[in-house]
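Proteins come first, then strands; the chains are lettered A, B, ... in the order of their sequence lines, and each starts at number 1. Source: prediction; values computed, not measured.
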2 protein chains.
Amino acid sequence: MTKNFNFTEKLRETGLRPTKQRVKICEVLFNREKTFHFTINDLAKKISEDLNEKFSLATVYNTVHAFKDKGYLKEIAINSDKSYFDTNTSSHHHFYDEDTHELIDCNKDDLDTINIKKNITGKKINSVEVLIRVASDNQNQN
Amino acid sequence: MTKNFNFTEKLRETGLRPTKQRVKICEVLFNREKTFHFTINDLAKKISEDLNEKFSLATVYNTVHAFKDKGYLKEIAINSDKSYFDTNTSSHHHFYDEDTHELIDCNKDDLDTINIKKNITGKKINSVEVLIRVASDNQNQN
DNA sequence: TCATAGATTATAATTATTCTAAACTGTTGA
DNA sequence: TCAACAGTTTAGAATAATTATAATCTATGA
Ligand SMILES: [Mn+2]
Ligand SMILES: [Mn+2]
Ligand SMILES: [Zn+2]
Ligand SMILES: [Zn+2]
């Protein structure tokens, strides 16, 4: 998904019918400078705020999963409470702030490229992801 | 948690009352050569099989969380379906087999040590974990 | 325009997990 | 030794995220 307009065509090209709901959700997700991370509830809230209308929660789930399957979104595993999604679909790593429950992309210079030297035989690697859990350093709180 | 006997003392030392349930769960978890990964349901099943008795599911949850808080267990984030726990509490990385839903420890020589060069300011790093998702290579299935 | 496959929706169902409150038990100190 | 009490276990209810259902709606190609 690239930035700005004509989501209708983009959707059709990937075999998804450009329904009103999908186009609107595309706008909410992809019509912006920076990529971001969200939960289903974040997105549902953002939809009703930004668009001033409310899609069925089932539609939000359906759409997010469809977009994930088509590669517009990535799912990030943080914990078993809820799923996080990422509009940045490039291979990258994350900081997870355990105080604010916020996901932050690592930059290329935050850590070296991960090199898997030995893999399980007969398996191919689908993804390699680093999760760096951080929290406020209460050692020196004065 | 070290291998073999006297879990009663171990539990007491860390401030946990050595109840029958906790000692038994210690035996199931730690009285073995190799560390392993499990879900709550795996463990509940293993308890009723190995010990031929059934602890309340709430007790299994309580105990696993208590053990995690005391550092006997680690929780591994794989997806939002359920939590995985690990009796290997050392810092290490994982392969996740998306076919079998099996977690496999990486060896030290499977990948280089991860070096975080830049961290979020004001935060301390609690953990750095790599998850390598693998699946059967259906390219050459003949 | 029409038929139809595909989507949306409200709502119910499912599943993992946590909460509740009553009964039970390990520990401590008289 | 034993009563008292805090901590623990338990069944079952509650919660929360997610998925399933089935009726209604809509995009699309003929
Ligand atoms: Mn959790
Ligand atoms: Mn999922
Ligand atoms: Zn990201
Ligand atoms: Zn492990």
> Below 4.0 angstrom from OP1 or OP2 of dA16(C), is there any side-chain N or O of Thr39(B)?
no

> Rounded to whole Å, how long is the line connecting atom CG of Asp69(A) with atom P of dA7(C)?
12 Å

> Which whole-number value in Å describes the distance from Lys20(A) NZ to dT9(C) C1'?
12 Å

> Kindly point out which of dA27(D), dT9(C), dA16(C) is positioned nearest to the side chain of Arg17(A)?
dA27(D)

> Less than 4.0 angstrom from a charged side-chain N to a carboxylate O is my criterion; do Asp99(A) and Lys123(B) meet it?
yes

> Measure CG/Asn62(B) against P/dA16(C) and give the value in whole Å, please.
18 Å

> Is there a side-chain contact between Ser56(B) and the phosphate of dA11(D), meaning an N or O under 4.0 Å from OP1 or OP2?
yes

> Asn79(A) CG to dA17(D) C1': how many Å, rounded?
12 Å

> Rounded to whole angstroms, how far apart are CG on Leu57(B) and C1' on dT9(D)?
12 Å

> Output the rounded distance in Å from CZ (Phe7(B)) to C1' (dG26(C)).
20 Å

> Between dT9(D), dA16(C), dT11(C), which nucleotide gets closest to the side-chain atoms of Arg22(B)?
dT9(D)

> Would you say dG7(D) has OP1 or OP2 under 4.0 Å from some side-chain N or O of Thr19(B)?
no

> Any salt bridge between Arg12(A) and Glu9(A), counting N to O under 4.0 Å?
yes

> Are OP1 or OP2 of dA17(D) and a side-chain N or O of Ser83(A) less than 4.0 angstrom apart?
no

> Could you tell me the separation between the NE2 atom of His65(A) and the C1' atom of dG6(C), rounded to a whole number of Å?
19 Å

> Establish, with yes or no, whether the OP1 or OP2 oxygen of dT17(C) is under 4.0 angstrom from a side-chain nitrogen or oxygen of Ser80(A).
yes

> Tyr61(B) side chain N/O closer than 4.0 Å to the phosphate oxygens (OP1, OP2) of dT18(C)?
no

> Keeping the roles fixed (side chain from Arg22(B), backbone from Phe7(B)), state whether a donor-acceptor pair exists under 3.5 Å.
no

> Both Asn41(B) and Arg12(B) contact DNA chain C. Taking the nearest nucleotide for each, which residue is further toward the 5' end?
Asn41(B)

> Using the side-chain heavy atoms of Leu16(A), tell me which of these nucleotides is nearest: dA11(D), dA7(C), dT9(D).
dA7(C)

> Minimum heavy-atom separation for Ile76(B) and Glu129(B), please, with both atom names.
CD1-OE1, 4.3 Å

> Are any of the side-chain nitrogens in Lys117(B) or Asp109(A) under 4.0 Å away from the carboxylate oxygens of its partner?
no

> Classify the nucleic acid contact of Thr59(B) as base, sugar-phosphate or nothing, counting any heavy atom under 4.0 Å across all strands shown.
base

> Looking only at side-chain atoms of Gln21(A), point me to the closest of dT19(D), dA17(D), dT9(C).
dT9(C)

> Return the value, rounded to whole Å, for the distance between atom CD of Glu9(A) and atom P of dA27(D).
15 Å

